[in-house]
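See structure below.
Below, chains carry the letters A, B, ... as their sequence lines are ordered, and counting in each starts from 1.
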Amino acid sequence: MPEWKSICHIDDIPRLGSRVVRPKNGGSGEPGTGGDNADRGEGGEGGDIALFRTSSDEVFALRDRCPHKGGPLSQGMVHGNQVTCPLHGWKLRLDSGEAVAPDQGCARRYPVRIESGTVFLEI
Amino acid sequence: MSKKKLVMVGNGMAGVRTLEELLKIAPDEYEITVFGAEPHPNYNRILLSPVLAGEMTIQDIILNDHQWYTDNGIRLHLGKTVNRIDRVKRRVIADDGTEESYDRLLLATGSNPFMLPIPGNDLPGVISYRDIADTDAMIDAAKRYRHAVVIGGGLLGLEAANGLKLRGMDVTVVHLADWLLERQLDETAGRMLQKSLEGRGLKFLLGKQTEALVAGESGRVAAIRLKDGLQIPADLVVMAVGIRPNIALAESAGIYCNRGIVVNDTMQTYDPKVYAVGECVAHRGIAYGLVAPLFEQGKVAANHLGNYGIGRYTGSVTSTKLKVTGIDLFSAGDFFGGKDSEEIILNDAAGGVYKKLVIQDNKLVGGVLYGDTADGPWYYQLLRDGQDIHEIRDHLLFGQSHVGDVGHQGHSKAAAMADSAEVCGCNGVSKGTIVKSIKENGLFTLDDIKKHTKAASSCGSCAGLCEQILSATIGGAYTPAASNRKPVCGCTEFSHQEVRDAIRQQPLLSIGETMRFMEWTTPDGCDKCRPALNYYLISTWPKQAKDDPRSRLINERAHANIQKDGTYSVVPRMWGGLTTSAELRRIADVAEKYQVPTIKVTGGQRIDLLGIRKDDLIGVWKDLDMPSGHAYGKSIRTVKTCVGAEHCRFGTQLAMDMGVKLEKMLFDMYAPHKVKLAVSGCPRNCAEAGIKDVGVIGVDSGYELYVGGNGGIKTEVAQFFVKVGSDEEVMEYAGAFLQLYREEAFYLERTCHYLERVGLDHAKSRVVDDEENRKALHGRLLAELKDAKDPWAERIAGVEKNEYETLAV
Ligand code: SRM
Ligand SMILES: Cc1cc2nc3c(=O)[nH]c(=O)nc-3n(C[C@H](O)[C@H](O)[C@H](O)COP(=O)(O)OP(=O)(O)OC[C@H]3O[C@@H](n4cnc5c(N)ncnc54)[C@H](O)[C@@H]3O)c2cc1C
Ligand code: SF4
Ligand code: FES
């Protein structure tokens, strides 16, 4: 059952930046790696989560794995409501996880809640 | 507040492009209504020729289907011709009585084909070639009749003739001038074209004037009679003798017109509420008949309609291509030349290749290519840029692959490639995919291709090839933007130069401030413009502007190279490629401690530890206790050296020592792109100084300096810069040259690209010839690098700590 977990303070995430959240017991793959060698079971639970903060201080969470070839999205550049994957430049929408055309694919999205500055993630 | 009303008359290519531009920048400004006399939504008129030739269908060439109008809330009146404008009450009235009122009116009525004023010009079977209806009429006639005569041997006439011939008709082209395409080609190329079209079965009557069209028994045209008395059978006559801007509507409303509807540089007519774009306008006395300039006009008009008020249209240089499959022909600019111009000509009649370039004041002013047009877009770019070509004059005629920057695929000929051939090696995009996308999505620019197909969006080495495919597919409609005017990215209209200038002149000190001042269209820019802005700010105001880690791509932010599996590689600096047993021991220890899967000697004379987890980076750096090699940065990379006079029996200079001194001087120098140097101890050049940004070669009497070499995507041999006598001079000249590059180059221009743009002479005049300036440049570089810090040491000390820590839950 997913439950809300307190993660960090919003200021722990740089504006237009991101942090990597690593669930302790969720991951089935190598920690610290996000690419195509990281076998974390397609679509399954667990693995790193990328937490993004936009310029307007919205926070979004996506699975840290690009639908293209598994690039770690947390390492990408944030602009508007999108992140550009660091490996081959796909752009993904933070609010839906969907790739921006012409690319097609989707990274799993996690619900985020902010209460008096503390960021909660439903995982 | 209710929206203002915009009415557009004329639902063609220029008008609808203007609406697209307007919707992009000011989607909520207007309630839009469009009148189109034709019963079709906007289609790609220039592709009527492939339709006639049977290569495409009408469906393929629709640019904006009905859904597009609906999606954008545009009210569309099709099949209605507006025949009155009431400027006092601000409304337009169509032939069926439909009325619409406007706050702003956009006229885009295009042009009308000119019909020769000769007897019989209104007979059934006599048509022009302008729209879908004409095309359908030709396709239909080809099924039922045999003899076609096309009057006019211009682009349109030849495309019509070719199409009719392919559809089985017997076609004769009657042309007034002495050779075909007399406005686009000189006589030699015109004759070559005629020969190859004759080879396809077309017949030509040149230097002939038509006197009358003669009706047959059925009342349909049956023959054409020439001034010299010759009469030939004709069941179909296509008049393609020119077009006239369609100004009747504007004139009847009292809007000032001469050749066309007269507009100023903002595309406004004499009535400030009325704008006009496209073939119907006369701008500075010129009415254009190709889409590329019309699109530029549309962009400007949209900018003003959208109340931005910044763009100006200042006219265009156009180029032409004939869209007859299998015939390659290109011309641009003033290719006849005058008494002050020079010509370079290649005339291989047997091989079917003819090239003529016209040069004036060391600039390309015009050109004609026949048979091999692969370099057309490149010449066109040189022409539009007004680039000084005297340095490349020797190779100019042989094309870009001999001088330029198209990358490894630039020389293959787009037209000859099979559809299945791979164009973009990075993203696996074939020629067929690109051509299909150009046609189906109505693409007109390289950026469009990048967006829709991903081709040329990675390493960019296939950009030249994509441009060739584009120009082969859409003909003269393709106009590369003059490179000094290319926008930085989709977030702005401004070019790199304009952004650089604004940052210096205003002055602007932060990314946010720059984006606000220059009216960026996206909230935070994108991964293309932000790194560029960051570089321009910190290189223009080194002590004042603050570096923004969030505007650096991952490698530069993490100070390591990301790998395909998300791990990182670590390349510590080994000055001049030199190391010690202690360093090697530490590297070995680190490799064991962190279980580094791969240890490799790089192409840059040092050691790479690959496959390191991000959260181990700080520990690895600490244990290595070596400075960063900046193998990840748009910055100084390596100074490669050979063993030099220190050991080598041929060495004339101490290459290792010189290399280490240079590398220490440049430590932590960020730049528009990466910078690599090499020092060889003698002309045998074992350090490969000939392909480095700065190459130093020891000779008996001192050192030779070379600049602008590149061993990457497209190998570029460095050019001789200067010969100097001492180590100090090497540092001063090399440092000054690199500082000039840092201050003037555009982001992601390597030194070779920078020099190609500004010319080697420019760099020499600033560095070699001007001692004072050289010392000033070198001084600025040293001042900036004086407090250079090792980024790894800083991070070990806690800078940007967040970057390396994961949040465990
Ligand atoms: C490690 C190394 C290959 C090796 O194992 O030898 C290497 C690795 C990469 N090169 Fe390189 N290049 C390496 C030497 C070279 C050389 C040879 C040299 O420096 O003598 C060249 C040609 C010389 C030149 O640059 O003029 C070279 C031309 C490129 C280019 C094309 C640059 C160009 O202007 O055309 C790129 C792409 C780019 O920079 O945009 C590139 C990009 C890359 C990147 C950084 C790709 C990337 O962005 O991730 C590679 C990182 C791989 C990784 O997973 O870490 N690498 N690369 C070499 C590191 C040298 C060093 O010690 O710093
Ligand atoms: C066969 C052919 C091949 C071509 N090939 C090339 C090429 O290779 N490269 C190139 O650059 N250019 C080419 N052109 C030229 C190019 O198509 C034109 O320059 C371009 O279409 C002009 O755009 P426009 O919007 O000004 O006019 P149009 O596209 O002609 O649009 C004007 C529209 O307005 C409508 N209209 C006019 N008056 C009224 C009114 N009063 N009320 C309502 N509607 C009205 C017309 O019916 C028409 O649909 C070619 C043209 C043709 C015909
Ligand atoms: S190291 Fe360089 S040449 Fe090798 S795959 Fe990577 S970018 Fe290409
Ligand atoms: S892995 Fe993200 S773009 Fe390729």
### Option that, when pairs with chain B are counted at under 4.5 Å, heavy atom only, ranks first among A:G89, A:P14, A:G17, A:P86
A:P14
### Query
With only heavy atoms counted, which part of A:S74 is less than 4.5 Å from chain B, the side chain, the backbone, both or neither?
backbone
### Query
Does atom CZ of B:R550 have more than 12 heavy-atom neighbours, drawn from other residues, nucleotides or ligands, at distances under 6.0 Å?
yes
### Query
Who wins among A:V20, A:V83, A:N81, A:V100 for the most heavy-atom pairs under 4.5 Å with chain B?
A:V20
### Task
Return yes when atom CD of A:Q104 has more than 12 non-hydrogen atoms of other residues, nucleotides or ligands closer than 6.0 Å, and no otherwise.
no
### Task
List the steps, then state whether side chain to side chain contact (heavy atoms under 4.5 Å, CB included) holds for B:K614 with A:Q75.
CA-CA 10 Å; B:K614 193 172 187 192; A:Q75 313 295 298; 2.5 Å; yes
### Query
Is it the side chain or the backbone of B:R552 that comes within 4.5 Å of chain A heavy atoms, both, or neither?
backbone
### Message
Need one label for B:E805: side chain, backbone, both or neither, based on atoms under 4.5 Å from any heavy atom in chain A.
### Response
both
### Message
Ignoring hydrogens, what is the shortest heavy-atom contact between A:H79 and B:G525? Give both atom names and the distance.
### Response
CB-O, 3.1 Å
### Task
Look up atom CG in A:D11 and atom CG in B:N802, then write down how far apart they are to the nearest 0.5 Å.
10.0 Å
### Query
Of the backbone (N, CA, C, O) and the side chain (C-beta and beyond), which part of A:T54 lies under 4.5 Å from a heavy atom of chain B, both, or neither?
neither
### Task
Provide the closest heavy-atom pair for B:K564 versus A:L87 in the form atom of the first, atom of the second, distance.
O-CD1, 3.4 Å
### Task
Among B:K451, B:K454, B:H452, single out the residue with the greatest number of heavy-atom pairs under 4.5 Å to chain A.
B:K454
### Task
Can you measure from CE (A:M77) to SG (B:C526) and round to the nearest 0.5 angstrom?
8.5 Å
### Summary
What one should report as the nearest heavy-atom pair of B:G566 and A:P72 is CA-CG, 3.9 Å
### Summary
Highest number of heavy-atom pairs under 4.5 Å with chain A among B:R557, B:E803, B:R530, B:Q563 belongs to B:R530
#### Entry: Within residues 113-121 of chain A, residues adjacent to chain B where the heavy-atom gap is under 4.5 Å
none
### Task
Go through B:V809 and A:I7 one step at a time and tell me if the side chain to side chain contact (heavy atoms under 4.5 Å, CB included) criterion holds.
CA-CA 7 Å; B:V809 285; A:I7 308 293; 3.4 Å; yes
### Query
Heavy-atom distance under 4.5 Å to chain A: side chain of B:T522, backbone, both or neither?
neither
### Task
Walk me through it: do A:R22 and B:D615 pass the test side chain to side chain contact (heavy atoms under 4.5 Å, CB included)?
CA-CA 12 Å; A:R22 183 161 303 154; B:D615 25 16; 3.3 Å; yes
### Message
Please identify, among B:D524, B:N555, B:D616, B:D548, the residue contributing the most non-hydrogen atom pairs under 4.5 Å to chain A.
### Response
B:D524
### Task
Tell me, for B:I562 versus chain A, whether the close heavy atoms (under 4.5 Å) come from the side chain, the backbone, both or neither.
side chain
